[in-house]
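Written out below as structure tokens is the structure these notes cover.
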Amino acid sequence: MSVVKINAITVPKDKQERFEERFKGRAGAVESTPGFEWFELLRPLEGTDQYLVYTRWESEEAYRAWESGQDFARAHEGGGSDLAPAASDSSHLWSYEVIESAAPDRP
Ligand code: HEM
């Protein structure tokens, strides 16, 4: 059963451009991580000011291995004081289990 890990980050309006720029220059290592299934950066349009970093994994173990490994550390190297001004200190990790999913039924 896949698991979804969402990092919800509140980014003040004046930092959004910089925040998105950082993701454009992201490490790109997660793609080749065992058990990785999907990544999306979601920009808020209305109802919230939280960006969502959506990731889906084959298993909890696969996520944990990535999160505790060097690729995660490298992807967040700017970390701490450098990330803080871009993202404020407001970040939450949400965990879900996929219980149903669908893709378009096209020929
Ligand atoms: C305080 C916590 C976090 C902040 C502020 C943050 C912010 C960022 C930023 C700005 C980047 C773009 C690269 C960079 O400039 O460093 C990035 C990369 C990324 N973050 Fe986070 N992040 C945090 C924790 C997490 C967590 C817990 C997850 C788990 C879902 C996650 C998932 C990712 C992914 C998948 C990438 C792209 C990695 C790649 O390209 O290989 N982040 N993050």
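Start at 1 and go down the list; that is how both ligands and their atoms are numbered. The chain is numbered in sequence order, starting from 1.
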Identify which of [options] has a heavy atom lying nearest to [atom].
atom                    : options            : answer
atom 27 (C) of ligand 1 : W57, F23, W66, Y63 : Y63
atom 12 (C) of ligand 1 : K5, H92, R22, E67  : R22
atom 16 (O) of ligand 1 : S95, A75, S90      : A75
atom 4 (C) of ligand 1  : T55, I6, V4, I9    : I9
atom 6 (C) of ligand 1  : E77, E21, H76      : H76

Please determine if F19 has a nitrogen or oxygen closer than 3.5 Å to a nitrogen or oxygen of ligand 1. no

Does E97 form a side-chain contact (heavy atoms from CB on, under 4.5 Å) with E60? I'd like the steps, not just the answer. CA-CA 9 Å; E97 188 169 39; E60 180 71 32; over 6 Å; no

Hey, is S91 touching ligand 1 through its side chain, its backbone, both or neither, going by heavy atoms under 4.0 Å? side chain

Quick one: does ligand 1 sit under 4.0 Å from the side chain of V30, the backbone, both or neither, non-hydrogen atoms only? both

Work out which heavy atom in [X] is nearest to a heavy atom in [Y]; give both atom names and the distance.
X   : Y   : result
A29 : T33 : O-OG1, 3.3 Å
P34 : A62 : O-CB, 3.8 Å
D49 : P44 : C-CG, 3.9 Å
R64 : S68 : O-OG, 2.7 Å
Y51 : E20 : OH-OE2, 2.5 Å
E37 : E58 : OE2-CA, 3.5 Å

Touching ligand 1 at all, Y54? Heavy atoms, strictly under 4.0 Å? no

If we number the atoms of ligand 1 from 1 as shown, the ones under 4.0 Å from a heavy atom of V53 are 32 (C), 33 (C)

Which of the atoms in ligand 1, numbered in the order shown and given with their element, are less than 4.0 Å from a heavy-atom of A29? 39 (C), 40 (O), 41 (O)

Are the side chains of F36 and W66 in contact, using a 4.5 Å heavy-atom criterion? no

